[in-house]
Amino acid sequence: MAESKENVLMEKIVSLCKRRGFIYQSSEIYGGINGFWDYGPLGAELKRNVKELWWNTMTRQRDDVVGLEATIIMSPQIWKASGHVDTFSDPMIDCKTCKGRFRADQTHEIPCPQKPSKMVSECHGEKTPPRAFNLMFQTYVGPVQDDSAIAYLRPETAQAIFAQFKNVLETSRQKVPFGIAQVGKAFRNEVTPRNFTFRSREFEQMELEFFIKPDEVVEAIAGRVASTAEIGNRKSEIGNPDWGWEAWHKYWVEQRIAFYEGIGLPRTTLVEYWQKPEELAHYARACVDILFTFPFGTQELEGIAARSDFDLSQHERFSGKPMGVFEEELRTAWNQLPKEKQDALWRRYYENRKKYLVKMGVAEETAARDATEDANGLAKGQYIPHVIEPSAGVDRLILALIANAYSEDQMPDEKGKPETRVVLKFHPRVAPIKVAVLPLLKNKPELVKKAQAVRDQLRPWMNVFYDDAGAIGRRYRRQDEAGTPFCITIDFDTLGEKPELQDTVTMRHRDDGKQERLAIGELLNWLLPKIR
RNA sequence: GCGGGCGUAGUUCAAUGGUAGAACGGAAGCCUUCCAAGCUUCACACGUGGGUUCGAUUCCCAUCGCCCGCUCCA
């Protein structure tokens, strides 16, 4: 089989990941298990760095986002409300004649691959009966394994945020607009895990649910809803009272792209894809995918969806607990609005609520009654928040970072002969090892002792790697493959061979091999801004 | 799940119906005054399970895994 250039590159990456301890196959000694991957020592550091950067950016550096860490197994009711129990499964039919596979509900609209004049449902190919498979992993809670004990491993982290929305609202002293962030494992029994870790059955997500006022409420309070064109010109002003869902959506798209650029993915490798109306999930008003150009294609890293008030509404209906918020500000503003304005906003809110309820199968009459009740709430300062959801896959991002960092270049060896060098050009912020400390020679105890002292001085602040084995060049190359941005070498000048250079070291840069001389005392101040 | 291809040290590759070699890498030691240097020593593999056979890494079957297509998503 002729192998494509992309495929060769992926194989090199997979091989490097194993060789250097970034990623191993799960359960490898037992032959592996499809769709599961483990992170080795360097991978674990890389992943931790990425998650901490996300967490820091999304919560600690902001006033308006707080964190949550929920369980993986939750009440199965959650997945009924979210729709995952019913819609997270696609009945499929295989055709034994033409080897095609089709969604059972679409056979009447897909042309037969062999006889395009006929639809799949009417061609003569021998077909299997429809087989439904739910993509959620099932388990049982408690010792008795009957239907009443069925529970699911969460297929996304988002639902826990919705389920705990009221608790967080009441205990965090936040008010809308604000967000709840969560990082954690999710599980999907994918039909076909593929492309290394890109589509795994166990994976990790970094999700933010950012709760905002519905546009009707924004308009009631601020008098207007800002157009997205205006937002583009005032990016620095975060969260003006007149921001509607479109402004917030656009804002988060910008924020997320900036995040990716900040950890070393160049803008040129990223694609911002606005989903077309017909591609949107039923609950979404808009969705932007941030794609990365992997060796195997341009694929999704993150989706930023404007999910309306769908999720909170679903949980309100299924749990019977109110999910709305009350704001004095809205009540006051509402009562000062002219009657015709009140009526117009009331009508819009009513129509949206009713549309949602009818779509979810609520009888017309009941829907009208409930929507009326909801719209009447506006005058009392009550509404159900809408949500903007930036949802990113950690493992995909790790793979993107590795693929982006992978490069081969020519570097002269000891004798000046050019040799191919494999180097992972990680941004220092995500690099698993920030700095390697190397005594020039191992068999000179003074060098070793000094190097260990430098290591110990830096260790509390960053991940430091000490290595004294073999020639210095070999150690540099090893660090290149690990993606270590900086190497510190302790030599005889450090010890004072040239008195003016005493207590200085060589700082060697990964990407170009250039070196500079730095005083030991200034190392920390030199390094810290680069790795944070 | 369906169809096609592929499974030999950590990696990349050899060879063979009579139980396997290399290179690089790894470990230990010597040496080494800045980019995979040199010398010595060591460890490590036929994915798993059946079958055929006197004997299977080699042939057959199954299974697991990887890659490519269909399909799906973070």
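The figures that follow rest on heavy atoms only: side chains count, while hydrogens, waters and symmetry mates do not. Protein chains get the first letters and strands the later ones, always in sequence-line order, with residue 1 at the start of each.
- Within 4.0 Å of A:R421, counting heavy atoms only, lies no atom of the nucleic acid at all.
- Residues from residues 444-454 of chain A that place a heavy atom under 4.0 Å from any atom of RNA chain B: there are none.
- OP1 or OP2 of B:C68 sits under 4.0 Å from a side-chain N or O of A:N195.
- Using a 4.0 Å heavy-atom criterion, one finds that A:L301 contacts the sugar-phosphate atoms exclusively.
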May I have the list of side-chain donor-acceptor pairs in residues 65-78 of chain A shorter than 3.5 Å, sequence neighbours left out?
from  : atom 1 : to    : atom 2 : distance (Å)
A:T71 : OG1    : A:I73 : O      : 2.8
A:S75 : OG     : A:Q77 : N      : 3.1

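- Base contact: A:N443 has a heavy atom under 4.0 Å from a base atom.
- Applying the salt bridge (Lys or Arg N to Asp or Glu O under 4.0 Å) criterion to A:E207, with sequence neighbours excluded, gives no partner residue.
- Less than 4.0 Å separates RNA chain B from at least one heavy atom of each of the following residues of residues 463-480 of chain A: A:A471, A:I472, A:G473, A:R474, A:Y476, A:R477, A:R478.
- We find that CH2 of A:W54 is positioned 12 Å from C1' of B:A74, with the value rounded to whole Å.
- When distances are taken from the side chain of A:R194 to each of B:U32, B:C70, B:C73, the shortest belongs to B:C70.
- When heavy atoms are screened at a 4.0 angstrom cut-off, A:E497 is found touching base atoms of the nucleic acid.
- Remark: A:R478 engages A:D467 in a salt bridge (Lys or Arg N to Asp or Glu O under 4.0 Å) (not counting sequence neighbours).
- Residue A:E207 is classed as having no contact, given no heavy-atom separation below 4.0 Å to the nucleic acid.
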Measure all distances between protein nitrogen or oxygen atoms and nitrogen or oxygen atoms of nucleotides 6-13 of chain B, and list the pairs falling under 3.5 Å.
from  : atom 1 : to    : atom 2 : distance (Å)
B:U11 : OP1    : A:K18 : NZ     : 3.1
B:U11 : O3'    : A:S15 : OG     : 3.2

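- Nucleotide B:A36 holds its P atom 13 Å from the CD atom of A:Q410, rounded to whole Å.
- As judged by a 4.0 angstrom heavy-atom cut-off over every strand, A:S26 is placed among residues making no nucleic acid contact.
- By the ring pair (Phe, Tyr, Trp, His ring centres under 6.0 Å) test, A:F292 pairs with A:F294, sequence neighbours left out.
- Heavy-atom nearest nucleotides on RNA chain B were determined for A:W37 and for A:E302, and the one closer to the 5' end corresponds to A:W37.
- Between B:C73, B:G29, B:U71, one nucleotide has an atom nearer to the side chain of A:T192 than all others, and that is B:U71.
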Which donor-acceptor pairs under 3.5 Å do side chains of residues 481-498 of chain A form with protein atoms, sequence neighbours excluded?
from   : atom 1 : to     : atom 2 : distance (Å)
A:E481 : OE1    : A:R19  : NH1    : 3.0
A:E481 : OE1    : A:R20  : NE     : 2.5
A:E481 : OE1    : A:R20  : NH2    : 2.8
A:E481 : OE2    : A:R19  : NH1    : 2.8
A:T484 : OG1    : A:Q479 : OE1    : 2.6
A:T489 : OG1    : A:Y476 : OH     : 2.6
A:D491 : OD1    : A:D493 : N      : 3.1
A:D491 : OD1    : A:T494 : N      : 3.0
A:D491 : OD1    : A:T494 : OG1    : 3.0
A:D491 : OD1    : A:R517 : NH2    : 2.9
A:D491 : OD2    : A:R517 : NH1    : 2.9
A:T494 : OG1    : A:D491 : N      : 3.0
A:T494 : OG1    : A:D491 : O      : 3.2
A:T494 : OG1    : A:T504 : O      : 2.8

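- Partners of A:K514 by side chain to side chain contact (heavy atoms under 4.5 Å, CB included), not counting sequence neighbours, listed by chain and number: A:D512.
- Closest to the side chain of A:R199, out of B:A74, B:C72, B:G65, is B:C72.
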Atom pairs and distances, donor-acceptor, side-chain atoms in residues 262-271 of chain A, under 3.5 Å, two or more places apart:
from   : atom 1 : to     : atom 2 : distance (Å)
A:R267 : NH1    : A:L270 : O      : 3.4
A:R267 : NH2    : A:E272 : OE1    : 3.4
A:T269 : OG1    : A:P266 : O      : 2.7

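- A distance of about 8 Å separates the P atoms of B:C46 and B:A9, rounded to the whole Å.
- To the nearest angstrom, C1' of B:C73 lies 18 Å from CZ of A:F292.
- If A:G32 and A:D289 are placed on RNA chain B by their nearest nucleotide, the residue sitting closer to the 5' end is A:G32.
- Atom-to-atom, CG of A:N7 to C1' of B:G69 comes out at 12 Å; the value is rounded to the nearest Å.
- The stretch residues 510-524 of chain A touches RNA chain B through A:G513, A:Q515, A:R517, each having a heavy atom under 4.0 angstrom from the strand.
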Read 5' to 3' with Watson-Crick or G-U pairs under 3.5 Å, [ ] for crossing pairs and | for partners on another strand, RNA chain B gives (((((((..((((....[..)))).(((((.......)))))....(((((..]....))))))))))))....

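- A salt bridge links A:D409 with A:R421: the distance from a Lys NZ or Arg NE/NH1/NH2 to an Asp or Glu carboxylate oxygen falls below 4.0 Å.
- Using a 4.0 Å heavy-atom criterion, one finds that A:N34 contacts the sugar-phosphate atoms exclusively.
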